[in-house]
Structures are given as structure tokens and as C-alpha cells.
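Hydrogens, waters and symmetry mates play no part in the numbers below; they use all other heavy atoms, side chains included.
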Amino acid sequence: MRLIASWLTPLVALLVYLAFWPVPAVPVAWQAPKDLGYVGAHAVNQKLASLRRMELGPGQQGPEHITFHQGWLYTGLLNGDVLKVGLDGKTRELVANTGGRPLGIDVDAQGRVLVADGLKGLLRIEGSGPSAKVETLLTMVDDPVAGDPLRYADAVKVGPGGTVWLTDATRRFSVSEWKSTFEASVLDILEHSCTGRLIAVDPVSMKSRVALSGLCFPNGVAFSADGKSMFLSETASYRILKLDLAKLSVTRPTQGMTGTPTLANALGQGAATVLLDNLPGYPDNLMAGASGRIWVGLTKPRSPVVDMAAERPFIRSLTLRLPRFLWPVPKEYGHIIAFDESGKVVDDLQDPSGAYPETTAATEVDGKLFIQSLNAPSIGWRNYTGPAAR
């Protein structure tokens, strides 16, 4: 009996731990679309393999987003640096260090660099180098609830009329609390409570309002050529949304609700449509390219474990009790996709080896594609003249 007790006691303790130990996320049941894999427009290929590299400096990695302005590539890095890099990669200048984790980057009409910083909120940088001025524009929203803090500023884009659009990926897991954009994003995606928000900021008053809520880790933002529509990636739901901005401005919450309209409201009232659904990975940034192309990167392939557990919250809770190295994080796989404004996939570039890891999107400039990455110590690039004939 003592022998049995000697191994039974720790086994029972382990089972109790796996079943009942508190976890930070409260997983919500949802129905993941059946993963079709790499078929059709997403058939496996090697078109992203053998990228050339623009190496970054010592301690610099993770050009998560790249925007082009007046001959320079602007990007933010894991160590807080915001760089501008020449198109040949030979010239690099430090714009400023935010002291956080700069993610989305854009440039306003006055040439000032806007930064969605996961730790710091919405920032604006005027000047470059030692004289650069880093100004905090937004750490909390004004409407509908004044003082509601940003938890995960992710993408920023100046839209029609100068409105600054910002995604706040989650209200549940702040980057500052978890000290990591990766940790916060994994927790939010596994929970799938869909608390992300799209925020509009007036360029003059800098007053902010939540334009849309109920989003499943909203990420990249891009606009149609006529400026009437917005494209928005929903990372946790494997899809790209198309928003009619005029209709979104008059979308109302469900009767009896207060606050802002949800995605369900926008879909029901014709302000939002699902443009691309059931992607084979997690869509991240969006970038407008040439000839009407819009580029999105898939940071990782889909996880069979995560999809299987979508309708089984208990399994996701159990997963969160495991050591971090046992979390169902998919393998490295390079993948960027170009689609048009109608949602047709016009090109698909992959590197199954994942040699250039965690591709978040591509910036198309002068016959080249500059590839964005969460953690790479370089900027990947390749020549690009358009999609090959199919």
C-alpha cells in the first residue's frame, strides 16, 4: 500500500493541478472553420525562399512593420529602436528609441512618425536622432468611457481626412502586465474572448473614440484606393474584414446597449463584410502595394491543437497550465499573400522552412518586396515584378 501511495499521491496532485489550477485566461467556446491547409491559391511553393537580407545592428531584431516614406524604410524593433533604412540597406539611422515595443509605423502629413507601441500606446516622433522629440499622444481612449487604457496598441494608419486609426488588439491582456507582446497575444488568442477594438483619433483635437469593438485580436489596417473602405485583419479568427467607413460611422449598437457598435452589429448592418476567410495561418499586418495589391503576412501556420480545442475551453485551460515550451505554438513558416480589393488572392509566396521567421507582411517599393518579421535580426527582401502567370 505504501508503494501504491508513493506514486498515486503525486499523480493525483498532478491531475488536480491540470484540472483546477487558476489560469489567467478564461477560454470561450467558438467554432473554428475547418482548416483546408495549403491548397488552391495557397498551394505550397518556395517563392519566399532564399531571401536576401539587410542585416540590422547589434542587439537589433524584429522589424515587425515597415512603412516607406520619401526614400526611407521606417521600422520599429524589439529593443525599442525606431529606424529608418535606405532602400539599399547600406544606410541606417536611429530615429528614436521609444522605451517600449514599437509595432505599427506610419508617417503623417507633416512628416512626423506615428508609432503604435505595445507598451507605451500611440506615440509621435518629430525629428530624428539626438534631437528627436518623442510625444505620447494616447494611452487611454476618451469615448465611450473616458480614461479606458490601451492594453495592446498594435497597428496605426493615417486614413482619409487625416483621421488616425489605431488597433488595440485586446482589453484582457496588456503588454505592460505580461512584459511581452508574444505572451499577451498567445493568451488572448487562446482565450478568444474577442475584446479587441478599432480606435479613431481626431488629428486636430487628438480626441479618441472606439469605432468598433468585439474584434478577435484586430491587427493590421489598410485602405482602399478611393479611401472609402478599410481592410482589417482579425488574427485570432484567421480572416480579413472589409469595412465601409461611411456605413460604419452610422452603425449603431444593439437596442438597449450602450457604448460602441460591435463587429456583429457592423456585419448585421452592412458596414462590415468578411473579405478573406479561413486563411491557413494567423494574419498580421496589412500593406497596400502596387497595382491594387494588398499584402498580408501569416506569422504562423494554424495549429491543429488550437482548432480542435476551439469548442473545448477546458482543453485550452489545461494547455495554459503546461510549461511554456509545451504550448501549441506552430512551427516557423514564411508566408505572405497579396489580394485585391474584391478579396481575390493574386499572389502567394511561401517558405516552408521558415528560414525568415514569423513573416508579418510585405512592403512593396520600386520593384522590391521588403518582408516584415516579429523576430528576425534583418530585413528580408527580394525583387518583385508582380505575380507570375498562373
Side-chain angles (χ1 to χ4, degrees), residues 54 56 60 62-77 80-89 91-118 120-138 150 153-167 198-206 208 219-225 227 230-232 284-290 293-297 360-366 368-373 379 381:
M54 294 179 176
L56 300 172
Q60 293 180 329
E64 198 273 347
H65 182 262
I66 300 170
T67 196
F68 175 74
H69 180 71
Q70 294 184 352
W72 294 94
L73 301 170
Y74 287 80
T75 189
L77 305 176
D81 286 348
V82 175
L83 294 183
K84 60 180 187 178
V85 182
L87 291 180
D88 60 2
T91 305
R92 294 194 308 268
E93 294 184 17
L94 177 65
V95 177
N97 186 287
T98 67
R101 182 21 168 150
L103 297 169
I105 303 279
D106 203 10
V107 181
D108 68 13
Q110 290 74 42
R112 298 170 297 191
V113 178
L114 299 174
V115 179
D117 189 297
K120 300 290 186 176
L122 178 61
L123 310 178
R124 184 169 63 195
I125 305 173
E126 192 162 2
S128 182
S131 63
K133 177 185 176 184
V134 180
E135 180 182 4
T136 301
L137 298 182
L138 195 69
L150 299 176
D154 201 338
V156 62
K157 189 70 179 173
V158 179
T163 299
V164 177
W165 294 89
L166 176 74
T167 55
L198 176 66
I199 297 168
V201 185
D202 183 278
V204 178
S205 68
M206 299 312 297
S208 59
N219 208 319
V221 172
F223 293 95
S224 59
M230 174 192 290
F231 304 97
L232 176 65
D284 203 294
N285 296 330
L286 296 175
M287 294 295 297
R293 288 184 286 271
I294 301 163
W295 291 95
V296 61
T360 50
T363 305
E364 186 176 357
V365 182
D366 296 341
K368 293 181 179 179
L369 286 179
F370 297 93
I371 315 301
Q372 307 163 14
S373 168
I379 296 173
W381 70 276

Novice: Tell me every residue that passes side-chain hydrogen bond (donor to acceptor under 3.5 Å, both in side chains) with Q70, counting only those two or more places apart in sequence or in another chain.
Specialist: none

Novice: Can L137 and V201 be said to form a side chain to side chain contact (heavy atoms under 4.5 Å, CB included), step by step?
Specialist: CA-CA 10 Å; L137 298 182; V201 185; over 6 Å; no

Novice: Return the set of residues passing side-chain hydrogen bond (donor to acceptor under 3.5 Å, both in side chains) with D106 (not counting sequence neighbours), or none when no residue passes.
Specialist: none

Novice: Just wondering, do K120 and V134 contact through their side chains at under 4.5 Å, heavy atoms?
Specialist: no

Novice: State, to 0.1 Å, how close V156 and L122 come at their nearest heavy-atom pair, and which atoms those are.
Specialist: CG2-CD1, 3.8 Å

Novice: How close do P160 and G227 get, heavy atom to heavy atom, and via which atoms?
Specialist: CG-O, 3.0 Å

Novice: Specify the closest pair of heavy atoms between M287 and A361, including all atoms of both residues, with the distance to one decimal.
Specialist: CG-CB, 4.2 Å

Novice: List the residues meeting salt bridge (Lys or Arg N to Asp or Glu O under 4.0 Å) with D108, not counting sequence neighbours, and say none if there are none.
Specialist: R112

Novice: Going from CG on N285 to CG on L103, what distance comes out if it is rounded to the nearest 0.5 angstrom?
Specialist: 8.5 Å

Novice: Once you round to the nearest 0.5 Å, how far does OG1 of T167 lie from CG of L150?
Specialist: 10.0 Å

Novice: According to salt bridge (charged side-chain N to carboxylate O under 4.0 Å, His left out), does anything in residues 92-105 pair up with another residue at least two apart or in another chain? List the pairs.
Specialist: K84-E93

Novice: Please name the residue in the list T67, V115, T363 that meets the side chain to side chain contact (heavy atoms under 4.5 Å, CB included) test with Y74.
Specialist: T67

Novice: I'd like to know if R124 and E135 make a salt bridge, using a cut-off of under 4.0 Å between side-chain N and carboxylate O.
Specialist: yes

Novice: With rounding to the nearest 0.5 Å, note down the distance linking CG in D88 to CH2 in W381.
Specialist: 9.5 Å

Novice: I'd like to check V221 versus L286 (side-chain heavy atoms, cut-off strictly below 4.5 Å). Are they in contact?
Specialist: no

Novice: Which residues pass the side-chain hydrogen bond (donor to acceptor under 3.5 Å, both in side chains) test with S208, sequence neighbours left out?
Specialist: D142

Novice: Kindly give the heavy-atom pair with the smallest separation between G162 and P203, and that separation in Å.
Specialist: O-CB, 3.3 Å

Novice: Restricting to side-chain hydrogen bond (donor to acceptor under 3.5 Å, both in side chains), what partner residues turn up for E364, sequence neighbours left out?
Specialist: R293, W295

Novice: Checking side chain to side chain contact (heavy atoms under 4.5 Å, CB included) between P102 and each of D81, V82, L83, which is the one that passes?
Specialist: V82

Novice: What's the separation between atom CG in L166 and atom NZ in K157, rounded to the nearest 0.5 Å?
Specialist: 13.5 Å

Novice: Between CG of D117 and OG1 of T98, what distance do you get to the nearest 0.5 Å?
Specialist: 4.0 Å

Novice: Would you give the length of the straight line joining atom CZ of F223 to atom CH2 of W165, rounded to the nearest 0.5 angstrom?
Specialist: 6.5 Å

Novice: Please check if the number of heavy atoms outside D366 that lie under 6.0 Å from its CG is greater than 12.
Specialist: no

Novice: Would you mind telling me which of T75, L77, D284, I105 makes a side chain to side chain contact (heavy atoms under 4.5 Å, CB included) with E64?
Specialist: D284

Novice: How close do G220 and A155 get, counting heavy atoms only, and between which atoms?
Specialist: CA-CB, 4.1 Å

